[in-house]
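Worksheet: one structure, shown below.
Just so it is clear: chains get the letters A, B, ... in the order the sequence lines come, proteins before strands, and each one is counted from 1.
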There are 2 protein chains.
Amino acid sequence: MSQQSAPTRGAATLHDVAREAGVSLATASRVLNGSTRKVAESYRERVEAAAEKLGYTANLSAQATARGTAAIVALLVADIADPYFAQLASGVARGADEAGLVVTIAITERDPQREVRLVRALRGQRPRGLILAASRTEGADAVGLQNELDAFTAMGGRVVMLGPSPADTRSVAIDNRSGAAALGAELGGLGYRDAVVVAASEGIRTSDDRLAGFTEGFTAAGGTVREVRRAGFTRDAGYAAAQDLLAGDLPAGTLIFGISDVVAIGIMSAIRDAGRHVGADVAVAGFDDISTGRDVRPGLTTVRVPLEDLGYRALHAMLEPEWDATQPSLPLEVIVRGSTPPRT
Amino acid sequence: MSQQSAPTRGAATLHDVAREAGVSLATASRVLNGSTRKVAESYRERVEAAAEKLGYTANLSAQATARGTAAIVALLVADIADPYFAQLASGVARGADEAGLVVTIAITERDPQREVRLVRALRGQRPRGLILAASRTEGADAVGLQNELDAFTAMGGRVVMLGPSPADTRSVAIDNRSGAAALGAELGGLGYRDAVVVAASEGIRTSDDRLAGFTEGFTAAGGTVREVRRAGFTRDAGYAAAQDLLAGDLPAGTLIFGISDVVAIGIMSAIRDAGRHVGADVAVAGFDDISTGRDVRPGLTTVRVPLEDLGYRALHAMLEPEWDATQPSLPLEVIVRGSTPPRT
DNA sequence: TTGTAAGCGTTATCAT
DNA sequence: ATGATAACGCTTACAA
């Protein structure tokens, strides 16, 4: 029945239901849409029957206009095809579903300007909250974003950031630094002595923290970070960086730490495409433990971040009436797999 | 600034803008929100200045109530963490962005009943359209869904299905059958003689078509499908099925065709965890060409489906005023990688 | 407990 | 070209 778009109006309205049930609009509203008010059982039944009969669904937009806020949570991610964000989104969606919220998703494409525009546009939905994954929190772009976010909170919206965030912003963070330090220590303990880090550009907190942590842990365990390569957070950036690295002379036994699993997986592919062997020849480690890491061979050594959970918690951080900034960080766990065999 | 929710109404309204600019509500509306009507340059400027000054953003809900339809497209996927759906979603998001639409996403968890509930809930948003990926189109559950969808189209909404769909429904489909046939033929040509297919349950069109096509092509090329294992569309289902298969006696040189790449990747992992070798020992092929397939080793032989593109096209199929059912299928291409080396 | 009616922020019709 | 003003579908004091 995809006939040429009919007069648009077709759905049964609350009005229709009320008439059908022979009650007032108010009564119908009270029984159908969450209200604490009581209504007589007989009426309730009639209204429900009428609603069912007419196939009534509340018009969320109208509800939102009347209430001033919509049962929506908006999620901003860099790239939904990236498993990292996809897993995060999955957790957000689960939490939202439980809370009766609809999830609206927007893709920033890692473009800060675009992100600002998106926030502004999403603000128009009057969502209950905004969840931002991977946003710049420093630098020139950050202030434009912050203005937009302030406008949003000023009108009663809640903002949650995943990862590092300004002091007065709700956030769900992990301790990138100590996680990376633990990874560095572990790898040092395994006998690795030379490492190259493929990181994102300086000024990106997540990257900076992981780099600093790793260096700290690895150095303490007797290793040396020979070089830091600046790439992005994508698989292809990792691939390219590794390709470049391999073109020079990369001593066998070197460890490459990719700032995220996605990057690390790109690195692994580059190594193999260059005819070298991941593990025995060049070791690789990542961070996040995205599910793909289980399926590549050798398995990718990494730091496990409960991504789904993170998304779920972000949603709840948004729901919470009061925000307690002193949230415990989520547990991080080093997972050693075949990509970093013990060096003896 | 997450102080206790301030005066709640905080955002500047069109009314405010109009007053600030000293024009009528109507004029302000005409300037700010797409209207073909003309308004004098001097007014236009004043309104725009006022809007800028006040940080005005149109209230989409109010707009939607007034217009009767929201600038929203709702997307239903089984699981957003699954790369197949994530890539699809990515294309939808891109198209929506270009068209000035917001994407709302809902997760069905492969539960038909849940899907019906979700469609009903989403209907409440009065979205411009609904894009369904991987829905049952037959069986008892399908009728409940169809009712819900009919109600939606009756009120002017558009429905697009990805994959097989009822005759009068807009859809973007690929020719699973011939793609799988081409794959089967190619693999037969490579020298494979015995295959096991890990499919989804019977009655799921996509699975049925791929199975039928593969069997057809493989048989014609001189091979035999020894067995069909029923699993699901997930990585873990593939893993489990393969584990089971390997527990019996699976002759070396057997080819396992996973009904989708996600399944095939699970199969590959199971094979390796069982201490056997993918490729030389047991060959594996999949379908979809999700990006992960590039990063596993050996690379996964598959049929390339332009997923991102598919999502993008679905969005456009929704936008199209008239729907021409005779759309050409998207091109499918067999990609042979290391998981199915030539058998000599 | 139930109903009346005044909003909510926009759009769109109809005069001017 | 501009401006009143009646919808849009729903919520929510305030009455009854």
Next on the checklist: Side chain of A:V39 only, heavy atoms from C-beta on: which candidate in C:dT11, C:dT2, D:dC8 is closest?
Outcome noted: C:dT2
Checklist entry - Separation of A:L14 atom CG from D:dT11 atom P, in whole Å? => result 7 Å
Item to check | Nearest-angstrom distance from the residue atom CG of A:L25 to P of D:dA15 | outcome: 20 Å
Checklist entry - Which whole-number value in Å describes the distance from B:R30 CZ to D:dG3 P? => result 8 Å
Next on the checklist: Please confirm whether the shortest side-chain N or O distance from B:S29 to OP1 or OP2 of C:dT11 is below 4.0 Å.
Outcome noted: yes
Checklist entry - Between atom CG in B:L54 and atom P in C:dG9, what is the gap in whole Å? => result 13 Å
Next on the checklist: Just N and O in the side chain of A:N33: are any of them under 4.0 Å from OP1 or OP2 of D:dC10?
Outcome noted: no
Next on the checklist: Quick one, B:V103 and A:T104 - any side-chain contact, counting heavy atoms below 4.5 Å?
Outcome noted: no
Checklist entry - Quick one: does A:S90's side chain get under 4.5 Å of B:D79's, heavy atoms only? => result yes
Checklist entry - With a 4.5 Å heavy-atom cut-off, do A:E308 and A:L88 have their side chains touching? => result no
Checklist outcome for this item: Atom NE2 of A:H15 and atom C1' of D:dG9 are separated, to the nearest Å, by 10 Å
Checklist outcome for this item: Here the distance between atom C1' of D:dC10 and atom CG of B:N59, to the nearest Å, is 13 Å
Checklist entry - Out of D:dT12, C:dG9, D:dT2, which nucleotide sits closest to the side chain of A:A26? => result D:dT12
Checklist entry - Choosing from C:dT10, D:dA4, D:dC10, which nucleotide comes nearest the side chain of A:A62? => result D:dC10
Next on the checklist: Within the 4.5 Å heavy-atom criterion, are A:I107 and B:R94 side-chain neighbours or not?
Outcome noted: no
Item to check | 5' precedence on DNA chain C between A:S24 and B:S61 (nearest-nucleotide basis) | outcome: A:S24
Checklist entry - If you measure from the Lys or Arg side-chain nitrogens to the Asp or Glu carboxylate oxygens, is any gap between B:D97 and A:R117 under 4.0 Å? => result no
Checklist outcome for this item: Between CG of B:L60 and C1' of C:dT10 the distance, given in whole Å, is 11 Å
Checklist entry - So what is the end-to-end bend of the helix from C:dT1-D:dA16 to C:dT16-D:dA1, with 5 pairs used at each end and the value given to 10 degrees? => result 40°
Next on the checklist: Both B:T27 and B:R126 contact DNA chain D. Taking the nearest nucleotide for each, which residue is further toward the 5' end?
Outcome noted: B:T27
Checklist outcome for this item: Looking only at D:dG9, C:dT11, D:dG3, the nucleotide nearest the B:T65 side chain is D:dG9
Checklist entry - If you take atom types as modelled and just measure distance, does the side chain of A:R67 reach the base of C:dG7 with a donor-acceptor pair under 3.5 Å? => result no
Checklist entry - Which residues satisfy the salt bridge (charged side-chain N to carboxylate O under 4.0 Å, His left out) test with A:E48, sequence neighbours excluded? => result A:R44
Next on the checklist: Using whole Å, what does the distance between atom P of nucleotide C:dG9 and atom CZ of B:R19 come to?
Outcome noted: 12 Å
Item to check | 4.5 Å side-chain heavy-atom contact, B:T153 and B:R158 | outcome: no
